[in-house]
Amino acid sequence: MNVRRLLALPALALLLAGCGIRATEVPTDFGPAPSRVRCSLSEPDVSTQASGGLPVQVFLLCGSSLVTVDRTVRVPDGAADSRRRVLVAQGLLDELAATPSAAEKEAGYTTDVRGGMAVSGPRPTDPEDALRLSAPPGDLTSYSLAQLVCTFSDSAAAEGDGSVILGGPDSAPLRRYECTDEVRSRPGSKEPPSAEVTGG
């Protein structure tokens, strides 16, 4: 009987020791500590979904990453494809520059795209899918450029291959920008990869 009790003591000690959760110093890679910023809307934001119009998604900032939100842009019926692309691009640009709604602000959304910027179609010597901004892309912040590139490349404003050709009002060469997973997760430190476009 005494032997059984003695054998049971180590087992009992192990059970009691396992009740608590010990702190660990092993590094983990689960992202930043949780905060009150949700980065998701609990309900569809009716104020941003105007009746009629083309349903689109734009990339806003939340925390340190890019997150999509639903929007609509108005495009006149019967617009030619080339004109339609520019109208969609301008609508997306306007949505990016707009102040987030109250519900979006509460969820932690912000934007780094400033108002007053315009987009136009290609010049005669540009590739037909090029878009030109009224400000040189190189002058934009990394956050703003990431928002623009990811929003345009994932829309009817681009060719659907995950990239977009952008230029400015000057004679600087056009560049083809890509929206990558790294850009979406770290827009402040990872600029969209780009390559100079040669030939029209």
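Excluded from the calculations below are hydrogen atoms, water molecules and symmetry mates; all remaining heavy atoms, backbone and side chain alike, are included. Because the structure is a prediction, the values reported are computed rather than measured.
In summary, Asp129 and Arg85 do not engage in a salt bridge, as defined by a charged side-chain N under 4.0 Å from a carboxylate O. Arg175 has no carboxylate O lying under 4.0 Å from a charged side-chain N of Glu191, or vice versa, which leaves the two without a salt bridge. A salt bridge is absent between Glu182 and Lys190: the closest approach of a Lys/Arg side-chain nitrogen to an acidic carboxylate oxygen does not fall below 4.0 angstrom.
Both Leu131 and Leu148 belong to a single network of hydrophobic side chains, linked directly or stepwise wherever heavy atoms of I, L, V, M, F, W or Y lie under 4.5 Å apart. Leu96 and Val164 fall within the same hydrophobic cluster, where Ile, Leu, Val, Met, Phe, Trp and Tyr residues are linked whenever their side-chain heavy atoms come under 4.5 Å apart, directly or through other members.
Looking at every heavy atom in both residues, Ala89 comes nearest to Ala157 through CB-CB, 3.9 Å. Contact detail for Arg123 and Pro169: the closest heavy-atom pair is NH2-O, 2.7 Å. Residues Thr151 and Phe59 share a closest heavy-atom pair of OG1-N, 2.9 Å. Heavy-atom minimum distance, Thr111 versus Ala98: CG2-O, 3.8 Å. Heavy atoms only, all atoms of each residue included: Gly116 and Ser134 are closest at O-OG, 4.3 Å. Considering all non-hydrogen atoms of both residues, Leu66 and Val183 come closest at CD1-O, 4.1 Å.
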(request) List the steps and the verdict of side-chain contact (heavy atoms from CB on, under 4.5 Å) for Val75 and Val88. (result) CA-CA 7 Å; Val75 179; Val88 169; 3.7 Å; yes
(request) Take Met117 and Leu93, measure what side-chain contact (heavy atoms from CB on, under 4.5 Å) needs, and give me the verdict at the end. (result) CA-CA 8 Å; Met117 195 162 28; Leu93 184 57; 3.9 Å; yes
(message) Test side-chain contact (heavy atoms from CB on, under 4.5 Å) on Arg114 and Leu140; report intermediate values, then the result.
(response) CA-CA 9 Å; Arg114 299 291 169 251; Leu140 303 177; over 6 Å; no
(request) Could you go through the side-chain contact (heavy atoms from CB on, under 4.5 Å) check for Thr141 and Leu145 one step at a time? (result) CA-CA 6 Å; Thr141 67; Leu145 183 60; over 6 Å; no
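Judged purely by atom type and a 3.5 angstrom limit, Gln90 has no side-chain atom pairing as donor or acceptor with the backbone of Leu87. The closest donor-acceptor contact from the side chain of Arg132 to the backbone of Gly168 lies under 3.5 Å. At least one donor-acceptor pair closer than 3.5 Å links the side chain of Ser185 to the backbone N or O of Asp181. Between the Glu178 side chain and the Pro193 main chain, no donor and acceptor come within less than 3.5 Å of each other. When atom types are taken as modelled, the side chain of Gln147 and the backbone of Asp112 share a donor-acceptor pair closer than 3.5 angstrom. Under the 3.5 Å distance criterion, the side-chain polar atoms of Ser155 are matched with a main-chain donor or acceptor of Phe152. No donor-acceptor pair closer than 3.5 Å links the side chain of Ser142 to the backbone N or O of Ser189. Checked by atom type and distance alone, the side chain of Asp94 never pairs as donor or acceptor with a backbone atom of Gly91 at under 3.5 Å.
For Arg84, the CZ atom sits in a loose shell: 12 or fewer heavy atoms of surrounding residues, nucleotides or ligands are nearer than 6.0 Å. For Arg83, the CZ atom sits in a loose shell: 12 or fewer heavy atoms of surrounding residues, nucleotides or ligands are nearer than 6.0 Å.
The closest side-chain heavy-atom distance from Ser65 to Arg184 is not below 4.5 Å. No side-chain heavy atom of Thr180 sits under 4.5 Å from any side-chain heavy atom of Pro192. Using a 4.5 Å cut-off on side-chain heavy atoms (C-beta onward), Tyr143 and Val113 make no contact. Contact of the Tyr109 side chain with the Leu61 side chain is not registered, since no non-hydrogen atoms from C-beta on lie closer than 4.5 Å. Counting heavy atoms from C-beta outward, Thr110 and Lys105 have side chains that stay 4.5 Å or more apart. A heavy-atom distance below 4.5 Å is found between the side chains of Glu95 and Val73.
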